[in-house]
Asks: 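Before I ask anything, let me first share the structure, which is written out below as structure tokens.
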Amino acid sequence: MKPKNDWAKCIYILKNDYTTGTSMARILTDWDATFYKFQARLGEVERAHSELIITRKSIPYISKLTGKSKHYTQYGCASSKDYLNDLYDKINEHGLAGKD
């Protein structure tokens, strides 16, 4: 089922990239070129659903343009895939607060 809101879209992306994780560059190139609010929406989902465990890993790299050291964040999920599926269904149908 296609995501109906931005919160569900965050969970959908995490579900599909469960084993590899994802980054903003991957989200903007592979998923949705206009979904700049991924980080904000993911934070809102985390605050509303404390059982969701998101991992953030800082990956360093050297810029090809400037030669300076930079980093990007790799997002992953430490919660079970079954929990992600249930959370996705709940948020997709009933919004961020979900239905208890």
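Sequential numbering from 1 along the given sequence is applied to the chain's residues. Just so it is clear, the structure is predicted and the values come from calculations on it, not from any experiment.
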Asks: Answer yes or no: is there a donor N or O on one side and an acceptor on the other, between the side chain of Lys81 and the main chain of Lys15, under 3.5 Å?
Replies: yes

Asks: Is the closest side-chain heavy-atom distance between His71 and Ile59 below 4.5 Å?
Replies: no

Asks: When you look at Arg56 and Gln74, which way does the side chain to side chain contact (heavy atoms under 4.5 Å, CB included) test go after all the steps?
Replies: CA-CA 6 Å; Arg56 291 172 174 82; Gln74 182 81 16; over 6 Å; no

Asks: Starting at CD1 of Ile91, measure out to CG of Asp6 and round the result to the nearest 0.5 Å.
Replies: 11.5 Å

Asks: Does a side-chain heavy-atom distance below 4.5 Å link Cys77 with Leu52?
Replies: yes

Asks: Would you give the length of the straight line joining atom CG of Asn92 to atom CG of Asn5, rounded to the nearest 0.5 angstrom?
Replies: 6.0 Å

Asks: Does any part of the side chain of Leu87, heavy atoms only, come nearer than 4.5 Å to the side chain of His49, both counted from C-beta?
Replies: yes

Asks: Checking Lys9 against Phe35: charged group under 6.0 Å from the ring centre and within 45 degrees of the axis?
Replies: yes

Asks: Looking at every heavy atom in both Thr55 and Ala78, which two are closest together, and how far apart are they?
Replies: CG2-CB, 4.0 Å

Asks: Mind checking the NZ-NZ spacing from Lys70 to Lys64? Nearest 0.5 Å is all I need.
Replies: 13.5 Å

Asks: Going only through I, L, V, M, F, W and Y residues with side-chain contacts under 4.5 Å, is there a path from Leu28 to Ile13?
Replies: yes

Asks: Asn16 versus Thr22: any side-chain heavy-atom pair under 4.5 Å?
Replies: no

Asks: I'd like to know if Glu51 pairs up with Lys90 as an ion pair, taking the criterion as any Lys NZ or Arg NE/NH1/NH2 lying under 4.0 Å from an Asp or Glu carboxylate oxygen.
Replies: no

Asks: State, with a plain yes or no, whether a side-chain heavy atom of Pro3 is found less than 4.5 Å away from one of Tyr88.
Replies: yes

Asks: Please, which pairs that meet salt bridge (charged side-chain N to carboxylate O under 4.0 Å, His left out) have at least one residue in residues 16-31, sequence neighbours excluded?
Replies: Asp17-Arg26, Arg26-Asp30

Asks: Is any side-chain heavy atom of Tyr18 closer than 4.5 Å to one of Leu84?
Replies: yes

Asks: Let me confirm one number: the CD-CD distance from Glu44 to Glu46, rounded to the nearest 0.5 Å.
Replies: 11.0 Å

Asks: Taking the side chain as everything from C-beta on, heavy atoms only, tell me whether Asp32 gets closer than 4.5 Å to Ile27.
Replies: no

Asks: Is Ile11 reachable from Tyr36 through a run of I, L, V, M, F, W or Y residues, each pair having side-chain heavy atoms under 4.5 Å apart?
Replies: yes

Asks: When rounded to the nearest 0.5 angstrom, what distance separates OH in Tyr75 from CG in Leu42?
Replies: 7.0 Å

Asks: With distance as the sole test, does Ser23 use its side chain to make a donor-acceptor pair with the main-chain N or O of Thr73 at under 3.5 Å?
Replies: no

Asks: Side-chain contact test, heavy atoms from C-beta onward, threshold under 4.5 Å: evaluate it for Trp31 versus Phe38 and give yes or no.
Replies: no

Asks: Other residues, nucleotides and ligands only: do more than 12 of their heavy atoms fall within 6.0 Å of NZ on Lys37?
Replies: no

Asks: Quick one: closest heavy-atom pair of Ala25 and Thr29, and the distance?
Replies: O-OG1, 2.8 Å

Asks: Under a 4.5 Å side-chain heavy-atom rule over Ile, Leu, Val, Met, Phe, Trp and Tyr, are Tyr12 and Ile53 clustered together?
Replies: no

Asks: Using every non-hydrogen atom in the two residues, find where Pro60 and Ser58 come nearest and quote the distance to one decimal.
Replies: CD-O, 3.6 Å

